[in-house]
Engineer: 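A single structure is presented below for examination.
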Amino acid sequence: MKTRKLGNQGLTVSELGLGCMGMSEFYGAASEQDSIDTIHRALDLGVTMLDTADMYGPFTNERLVGQAIKDYRDKVIVATKFGNIRSEDGGFLGISGKPEYVRQACDASLQRLGIDVIDLYYQHRVDSTVPIEETIGAMAELVQQGKVRYLGMSEASSATIRRAHAVHPITALETEYSLWSREPEDDILVTTRKLGIGFVAYSPLGRGFLSGAIKSPEDFAPDDFRRISPRFQGENFYKNLELVEQVKKMASQKNVTPSQLALAWLLAQGDDIVPIPGTTRRKNLEENIAATEIVLTQDELAQIDAVAPLGVAAGERYPAAHMGAVNL
């Protein structure tokens with residue numbers, strides 16, 4: 001597994017990370033043991049960055065990751081997040097970037113993960129009621145105290161990123177980026193590259209849609225988050241399925257899977273980009289990792305761009321109720 005530098009502060013990670021969210025919530029039921037086995041297989045294959053958050057589960061995903069890495073701490077870059085407040089019963093209680101909450105959330109994450117320091121600590125969503133300088137200032141104190149090594153942000157606007165970076169260097173921005181979510185190319189990537197901030201691409205397979213395995217909205221479990229996502233509903237679903245069919249066709253011509261083509265395309269967009277596809281299955285993990293060996297020619301990249309240009313996806317990324325916390 002090759003490595004890539006995230007930001008200019010010294011953090012180096014595997015060029016493909018592992019998103020752990022789906023091991024605990026949002027995409028239907030998952031076996032905890034299968035998830036732990038998948039994490040161990042990822043580490044064996046050279047993946048070093050594991051991505052989690054306190055809200056996943058809620059709280060259970062950090063515990064799962066902590067259990068999985070107990071004997072592998074020196075091999076792992078642990079990335080977790082705070083900011084989305086949830087109750088123990090799973091209720092969503094809002095967003096907080098208040099300094100006192102930052103400190104409380106960090107201590108709780110350290111305890112659940114069973115580690116002494118968080119390698120990369122993200123603000124999961126920007127709190128519009130708290131100046132970003134105050135939130136980042138509190139995060140910077142965590143670095144000074146040795147509880148956190150590097151700071152990150154997620155789904156933040158260019159203006160907010162610049163203000164945050166002026167308070168303390170931001171190592172990475174985590175935002176959705178894939179063949180059907182190319183919005184970061186408009187402005188965000190210009191900003192991160194100008195400031196020397198790495199880019200972590202979550203949902204690089206379009207929440208599994210670009211794998212080609214999803215044929216109908218009925219393929220989702222009753223509690224699957226995708227059932228309420230606009231891109232997976234009604235006419236949007238079938239319009240987006242047309243894009244997937246094009247991706248499948250190009251993948252077949254290349255003798256790779258659709259997932260591998262989508263990941264290889266993303267890896268080719270710049271050495272500052274680290275995708276973090278999530279899976280609970282070792283087979284899918286191994287397929288994803290094999291994408292790091294695929295080289296796309298300029299002609300192939302141009303063909304992909306023609307099929308999946310900016311704005312190609314039908315429907316918003318999140319339900320209307322969730323969009324207010326995106327790109328603040």
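What you see is a predicted model, and the numbers here were worked out from it, not measured in a lab. Each residue takes its place number in the sequence, starting with 1. All values below were derived from every heavy atom in this structure, side-chain atoms included, with hydrogens, water molecules and symmetry-related copies excluded.
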Engineer: Ignoring hydrogens and geometry beyond distance, is a side-chain donor-acceptor pair present between Glu15 and Thr3 at under 3.5 Å?
Structural biologist: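 Not at all, the side chains of Glu15 and Thr3 share no donor-acceptor pair under 3.5 Å.
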
Engineer: Side chain of Thr257, backbone of Gln260: donor and acceptor closer than 3.5 Å?
Structural biologist: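 The answer is yes, because a donor-acceptor pair under 3.5 Å joins these two groups.
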
Engineer: Begin from the C-alpha positions of Arg317 and Ser229 and carry the test side-chain contact (heavy atoms from CB on, under 4.5 Å) through to its verdict.
Structural biologist: CA-CA 7 Å; Arg317 295 190 288 132; Ser229 173; over 6 Å; no

Engineer: Drop me the distance from Glu300's CD to Gln298's CD, to the nearest 0.5 angstrom.
Structural biologist: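 Rounded to the nearest 0.5 Å, the CD-CD separation comes out at 10.0 Å.
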
Engineer: Can a salt bridge be assigned to the pair Glu25 and Arg86 using a cut-off of 4.0 Å between side-chain N and carboxylate O?
Structural biologist: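 A salt bridge links Glu25 with Arg86.
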
Engineer: Please determine whether the number of non-hydrogen atoms from other residues, nucleotides or ligands lying under 6.0 Å from atom CD of Glu100 exceeds 12.
Structural biologist: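 Buried by this count: over 12 neighbours within 6.0 Å.
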
Engineer: With under 30° as parallel and over 60° as perpendicular, where do the rings of Phe92 and Phe26 fit, or are they tilted in between?
Structural biologist: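 Judged by the thresholds at 30° and 60°, the geometry between Phe92 and Phe26 is tilted.
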
Engineer: If you compare all heavy atoms of Ala30 against all heavy atoms of Thr280, which two are closest, and at what distance to 0.1 Å?
Structural biologist: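 Looking at all heavy atoms of both residues, the shortest contact is CB-CG2, 3.8 Å.
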
Engineer: Examine distances only and state if a side-chain atom of Asp127 and a backbone atom of Gly97 form a donor-acceptor pair shorter than 3.5 Å.
Structural biologist: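 Flag set: sc Asp127 to bb Gly97 pair under 3.5 Å.
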
Engineer: In chain order, what residues pass the ring-ring contact (aromatic ring centres under 6.0 Å, His included) check against Tyr150, with sequence neighbours excluded?
Structural biologist: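 Scan of Tyr150 (ring-ring contact (aromatic ring centres under 6.0 Å, His included), adjacent residues dropped) gives none.
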
Engineer: So with a 6.0 Å cut-off around NZ of Lys254, is the heavy-atom count from everything else above 12?
Structural biologist: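 Yes, NZ of Lys254 has more than 12 neighbouring heavy atoms, counting only those of other groups under 6.0 Å.
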
Engineer: Treating His40 as the side-chain partner and Ala68 as the backbone partner, does any N or O pair qualify as donor plus acceptor under 3.5 Å?
Structural biologist: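 Yes, because the side chain of His40 sits within donor-acceptor range (under 3.5 Å) of the backbone of Ala68.
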
Engineer: Could you check whether Arg227 pairs with Glu218 (Lys NZ or Arg NE/NH1/NH2 to Asp/Glu carboxylate O, under 4.0 Å)?
Structural biologist: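 Result for this pair is yes, salt bridge flagged.
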
Engineer: What about Tyr238 and Leu179, same hydrophobic cluster or not, with Ile/Leu/Val/Met/Phe/Trp/Tyr joined at side-chain heavy-atom distances under 4.5 Å?
Structural biologist: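 Yes.
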
Engineer: So, do Trp265 and Ile294 sit near enough that their side-chain heavy atoms are less than 4.5 Å apart?
Structural biologist: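 Trp265 does not reach Ile294 side chain to side chain.
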
Engineer: Is it possible for you to say whether Val130 and Val126 belong to one hydrophobic cluster, with membership spreading through side-chain heavy-atom contacts below 4.5 Å?
Structural biologist: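 No, because Val130 and Val126 fall into different hydrophobic clusters, even though each may have its own neighbours under 4.5 Å.
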
Engineer: Between the side chain of Ser14 and the main-chain N/O of Val47, is any donor-acceptor distance below 3.5 Å?
Structural biologist: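 No, Ser14 side chain to Val47 backbone: no donor-acceptor pair under 3.5 Å.
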
Engineer: Is there side-chain contact between Ile188 and Glu183, with heavy atoms separated by less than 4.5 Å?
Structural biologist: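 Answer no - side chains too far apart.
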
Engineer: State whether the side chain of Asp219 and the backbone N or O of Lys215 hold a donor-acceptor pair below 3.5 Å, judged by distance alone.
Structural biologist: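 Looks like yes, one N/O pair under 3.5 Å.
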
Engineer: With the side chain counted from C-beta on, respond yes when Leu301 and Gln269 share a heavy-atom pair under 4.5 Å apart, and no when they do not.
Structural biologist: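 Yes - at least one pair of side-chain heavy atoms lies under 4.5 Å apart.
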
Engineer: Out of curiosity, does Phe199 fall in the hydrophobic cluster containing Leu310 (side-chain heavy atoms, cut-off under 4.5 Å, transitive links)?
Structural biologist: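 In one cluster: no.
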
Engineer: Contact between Met21 and Tyr202 at the side-chain level, heavy atoms closer than 4.5 Å - yes or no?
Structural biologist: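 Of all side-chain heavy-atom pairs linking Tyr202 with Met21, none is under 4.5 Å.
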
Engineer: Ignoring hydrogens and geometry, is there a side-chain-to-backbone donor-acceptor pair from Thr160 to Ala156 under 3.5 Å?
Structural biologist: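 No; zero donor-acceptor contacts below 3.5 Å.
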
Engineer: Between Lys147 and Asp116 (salt bridge meaning N to carboxylate O under 4.0 Å), is one present in this structure?
Structural biologist: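 No.
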
Engineer: Going by heavy atoms in the side chains, are Leu267 and Arg4 under 4.5 Å from each other?
Structural biologist: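 Yes; the side chains approach each other to less than 4.5 Å.
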
Engineer: Decide whether Glu62 and Thr52 meet the rule of one side-chain donor and one side-chain acceptor closer than 3.5 Å.
Structural biologist: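 No, no side-chain donor-acceptor pair sits under 3.5 Å.
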
Engineer: Can Asp187 and Ser158 be said to form a side chain to side chain donor-acceptor pair (under 3.5 Å), step by step?
Structural biologist: CA-CA 7 Å; Asp187 177 40; Ser158 288; 2.7 Å; yes

Engineer: Would you indicate whether Gln253, at its atom CD, is surrounded by more than 12 heavy atoms from other residues, nucleotides or ligands within a distance under 6.0 Å?
Structural biologist: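 More than 12 within 6.0 Å, yes.
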
Engineer: Same cluster or not: are Leu50 and Phe59 linked, directly or through other Ile, Leu, Val, Met, Phe, Trp or Tyr residues, by side-chain heavy atoms under 4.5 angstrom apart?
Structural biologist: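 Leu50 does not cluster with Phe59.
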
Engineer: Which atoms form the tightest heavy-atom contact between Gly17 and Val274, and what is the distance?
Structural biologist: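 Of all heavy-atom pairs spanning Gly17 and Val274, the closest is N-CG1, 4.0 Å.
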
Engineer: Heavy atoms only: give me the nearest Val76-Leu43 pair and the separation to one decimal.
Structural biologist: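 Scanning both residues, the minimum pair turns out to be CG2-CD2, 3.7 Å.
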
Engineer: Taking 4.0 angstrom as the limit, do Arg231 and Glu316 come out as a salt bridge?
Structural biologist: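 Salt bridge flag = no for Glu316 with Arg231.
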
Engineer: Would you say Gln111 and Asp107 are linked by a side-chain donor-acceptor pair, where the criterion is simply a distance under 3.5 Å?
Structural biologist: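 The criterion, which ignores hydrogens and geometry beyond distance, is not satisfied for Gln111 and Asp107.
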
Engineer: How long is the straight-line distance from CG of Leu151 back to CG of Leu142, given to the nearest 0.5 Å?
Structural biologist: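 Going from CG on Leu142 over to CG on Leu151, the span is 8.0 Å.
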
Engineer: When you compare the side chain of Ile197 with that of Ile161, does any pair of heavy atoms fall below 4.5 Å?
Structural biologist: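 Sidechains of Ile197 and Ile161: in contact.
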
Engineer: Ring-plane angle category for Phe232 and Trp180, please: parallel below 30°, perpendicular beyond 60°, tilted otherwise.
Structural biologist: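 Plane angle over 60°, so perpendicular.
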
Engineer: Using distance alone, with no hydrogens and no angle criterion, decide if Ser35 and Arg281 have a side-chain donor and acceptor under 3.5 Å apart.
Structural biologist: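 Arg281 and Ser35 do not have a side-chain donor-acceptor pair below 3.5 Å.
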
Engineer: Kindly state whether the ring of Tyr27 and the ring of Phe225 have centres lying under 6.0 angstrom apart.
Structural biologist: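 Tyr27 vs Phe225: aromatic centres not under 6.0 Å.
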
Engineer: Yes or no on side chain to side chain donor-acceptor pair (under 3.5 Å) for Gln303 and Asp299, after CA distance, side-chain angles and deciding distance?
Structural biologist: CA-CA 6 Å; Gln303 291 173 25; Asp299 285 346; 6.0 Å; no

Engineer: Does the side chain of Ile276 reach to within under 4.5 Å of the side chain of Leu16, using non-hydrogen atoms?
Structural biologist: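 The answer is no, as the side chains (C-beta and beyond) never meet within the 4.5 Å cut-off.
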
Engineer: Just how far is it from atom NE2 of His124 to atom CD of Glu155, taken to the nearest 0.5 Å?
Structural biologist: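 Nearest 0.5 Å value for the NE2-CD distance: 8.5 Å.
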
Engineer: For the pair Arg193 and Asp272, find out whether any cationic side-chain nitrogen is under 4.0 Å from an anionic carboxylate oxygen.
Structural biologist: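 So Arg193 pairs with Asp272 through a salt bridge.
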
Engineer: To the closest 0.5 Å, what do you measure between NZ (Lys98) and CD1 (Ile85)?
Structural biologist: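 If I round to the nearest 0.5 Å, the distance is 8.0 Å.
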
Engineer: Taking Ser252 for the side chain and Lys249 for the main chain, is one N or O donor matched with an acceptor at less than 3.5 Å?
Structural biologist: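 Pair absent, no side-chain N/O of Ser252 close to backbone of Lys249.
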
Engineer: Do you know which two heavy atoms are closest between Ala308 and Arg182, and how far apart they sit?
Structural biologist: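 Ala308 and Arg182 have their closest heavy atoms at O-NH1, 2.8 Å.
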
Engineer: Answer whether the closest heavy-atom distance between the side chains of Val167 and Arg163 falls below 4.5 Å.
Structural biologist: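 Heavy-atom side-chain distance check fails, nothing below 4.5 Å.
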
Engineer: From Leu64 CG over to Ile69 CD1, what is the distance, rounded to the nearest 0.5 angstrom?
Structural biologist: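 It is 10.5 Å, given to the nearest 0.5 Å.
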
Engineer: Which heavy-atom pair separates Pro277 from Asn288 by the least distance, and what is that distance?
Structural biologist: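 Shortest heavy-atom contact: CB-ND2, 3.8 Å.
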
Engineer: Rounded to the nearest 0.5 Å, what separation is found between the CG atom of Leu113 and the CD1 atom of Ile118?
Structural biologist: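 The CD1 atom of Ile118 is 6.5 Å from CG of Leu113, to the nearest 0.5 Å.
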
Engineer: Hey, does the Lys NZ or Arg CZ of Arg207 hover above the aromatic six-ring of Tyr318, less than 6.0 Å from the centre and inside 45° of the axis?
Structural biologist: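 Yes, a cation-pi geometry holds between Arg207 and Tyr318.
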
Engineer: Evaluate side chain to side chain donor-acceptor pair (under 3.5 Å) for Ser154 paired with Gln123, printing each intermediate quantity in order.
Structural biologist: CA-CA 6 Å; Ser154 179; Gln123 180 184 21; over 6 Å; no

Engineer: Determine, stepwise, if the pair Ser181 / Glu176 fulfils side chain to side chain donor-acceptor pair (under 3.5 Å).
Structural biologist: CA-CA 7 Å; Ser181 291; Glu176 185 170 355; 3.2 Å; yes

Engineer: Quick check against the 3.5 Å criterion: does Asn236 have a side-chain atom that pairs as donor or acceptor with the backbone of Pro230?
Structural biologist: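 Yes; at least one donor-acceptor contact below 3.5 Å.
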
Engineer: Can you tell whether the side chains of Glu242 and Lys239 come within less than 4.0 Å, N to carboxylate O?
Structural biologist: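 The answer is no: the pair does not qualify as a salt bridge.
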
Engineer: Give a yes or no on whether Val78 and Val117 share a hydrophobic cluster (residues Ile, Leu, Val, Met, Phe, Trp, Tyr; joining criterion: side-chain heavy atoms under 4.5 Å apart).
Structural biologist: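 No, separate clusters.
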
Engineer: Would you tell me whether Ser109 and Asp54 have side-chain atoms, one donor and one acceptor, within less than 3.5 Å of each other?
Structural biologist: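 On atom types as modelled, these side chains do not qualify, holding no pair under 3.5 Å.
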
Engineer: Is the Tyr121 ring parallel, tilted or perpendicular to the Phe82 ring (thresholds 30°, 60°)?
Structural biologist: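 Taking Phe82 first and then Tyr121, their aromatic rings sit tilted (interplane angle of 30° to 60°).
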
Engineer: Is the closest side-chain donor-acceptor distance between Glu185 and Tyr177 under 3.5 Å?
Structural biologist: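 Result is yes, a qualifying pair exists.
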
Engineer: Could you pull out the closest heavy-atom pair between Val200 and Ala172, with the gap in Å?
Structural biologist: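 Of all heavy-atom pairs spanning Val200 and Ala172, the closest is CG2-CB, 4.1 Å.
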
